[in-house]
Engineer: 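Structure below; questions to follow.
FYI, the numbering just counts along the sequence from 1. First listed ligand is number 1; within each ligand, the first listed atom is number 1.
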Amino acid sequence: MSKAGRLVVLVSGSGTNLQALLDASADPSYGARVVAVGADRDGIEGLARAERAQVPTFVEKLGDYATREEWDRAIAARIAAYEPDLVVSAGFMKILGAPTLDAFPVLNTHPALLPSFPGAHGVRDALAYGVKITGCTVMLADEGVDTGPIVAQAAVPVLPGDDEAVLHERIKQVERRLLVETVGRMAREGWTVSGRMVRIGNHTGGETT
Ligand code: GRF
């Protein structure tokens with residue numbers, strides 16, 4: 001049974017999911033708190049949000065390293081320095097490698113109902129396909145693109161006249177709540193993974209990670 005009290009959150013952009021976690025963790029009964037925020041680029045609102053909350057930040061840019069493997073090791077070391085129980089990739093636009101994935105459980109959030117529409121353009125792809133229901137998925141990360149075991153999902157309607165920005169904003173309102181609720185439950189109740197099955201709470205049986 002794993003628990004998730006100390007969170008390192010990784011961001012690449014506006015950081016509204018991070019903000020939702022920062023706001024939730026202001027209440028000690030939430031059970032988890034953000035101990036550091038990492039990014040793969042400078043000058044983003046996600047880092048500014050962390051600084052305003054007086055949470056330490058770090059930046060590791062892929063372009064500063066000769067190889068992906070070196071970047072993988074560097075970001076894993078920066079994360080490890082904060083001894084997280086759970087790493088949350090919240091709009092972080094990089095796939096994490098083995099040095100991070102082997103050391104920590106990593107939670108990822110995606111703005112579509114996986115396994116439909118994985119990748120960097122999940123909202124655009126769902127809209128282009130013409131689906132009437134889409135949503136968001138919180139999953140444990142593995143080395144694939146949005147292929148890890150699913151922890152939680154929520155549905156969001158696609159409405160006539162939606163463009164990518166409008167639909168993404170509607171999804172993000174649901175996504176923030178789902179992420180906050182899922183991280184909080186994982187922190188307070190623990191979780192187990194058996195194959196692709198993730199269970200939050202104190203269940204008997206199954207493989208424990
Ligand atoms: C989220 O919808 C996330 O799933 C996607 O990018 C968005 C990030 O939003 N990959 P924010 O930076 O948390 O505001």
Engineer: Is Val11 close enough to touch ligand 1? Criterion: a residue heavy atom under 4.0 Å from a ligand atom.
Structural biologist: no
Engineer: Any side-chain heavy atom of Leu7 within less than 4.5 Å of one from Val35?
Structural biologist: no
Engineer: Could you give me the CA-CA distance, side-chain angles and deciding distance for Tyr30 and Arg188, then say whether side chain to side chain contact (heavy atoms under 4.5 Å, CB included) is met?
Structural biologist: CA-CA 8 Å; Tyr30 181 60; Arg188 293 186 303 272; 3.9 Å; yes
Engineer: Looking at ligand 1, does Gly46 have a heavy atom less than 4.0 Å from it?
Structural biologist: no
Engineer: Could you check whether Arg52 pairs with Glu45 (Lys NZ or Arg NE/NH1/NH2 to Asp/Glu carboxylate O, under 4.0 Å)?
Structural biologist: yes
Engineer: Any idea which atoms of ligand 1 are less than 4.0 Å away from a heavy-atom of Thr109?
Structural biologist: 4 (O)
Engineer: Any atoms of ligand 1 less than 4.0 Å from a non-hydrogen atom of Thr16? List them with their elements.
Structural biologist: 11 (P), 12 (O), 13 (O), 14 (O)
Engineer: Taking C-beta and beyond as the side chain, do Thr182 and Ile200 meet within less than 4.5 Å on heavy atoms?
Structural biologist: yes
Engineer: Looking only at non-hydrogen atoms, which of Gly13, Pro111, Gly15 approaches atom 12 (O) of ligand 1 most closely?
Structural biologist: Gly15
Engineer: Tell me which protein heavy atom sits closest to atom 9 (O) of ligand 1, plus the residue, atom name and distance to 0.1 Å.
Structural biologist: Lys172 NZ, 3.1 Å
Engineer: If you group Ile, Leu, Val, Met, Phe, Trp and Tyr by side-chain heavy-atom gaps below 4.5 Å, do Leu107 and Val180 land in one group?
Structural biologist: yes
Engineer: Identify, for atom 4 (O) of ligand 1, the protein heavy atom at the shortest distance, and state residue, atom and that distance.
Structural biologist: Glu175 OE2, 2.4 Å
Engineer: Identify the protein heavy atom lying closest to atom 10 (N) of ligand 1, giving its residue, its atom name and the separation to 0.1 Å.
Structural biologist: Gly91 CA, 3.9 Å
Engineer: Any ion pair linking Arg6 and Asp85 (charged N to carboxylate O, less than 4.0 Å)?
Structural biologist: no
Engineer: Please tell me if the side chains of His110 and Glu175 come closer than 4.5 Å, counting only heavy atoms from C-beta onward.
Structural biologist: no
Engineer: Out of curiosity, is His168 lining ligand 1, as in a heavy atom under 4.0 Å away?
Structural biologist: yes
Engineer: Just jot down the ligand 1 atoms closer than 4.0 angstrom to any heavy atom of His110, in number order.
Structural biologist: 4 (O)
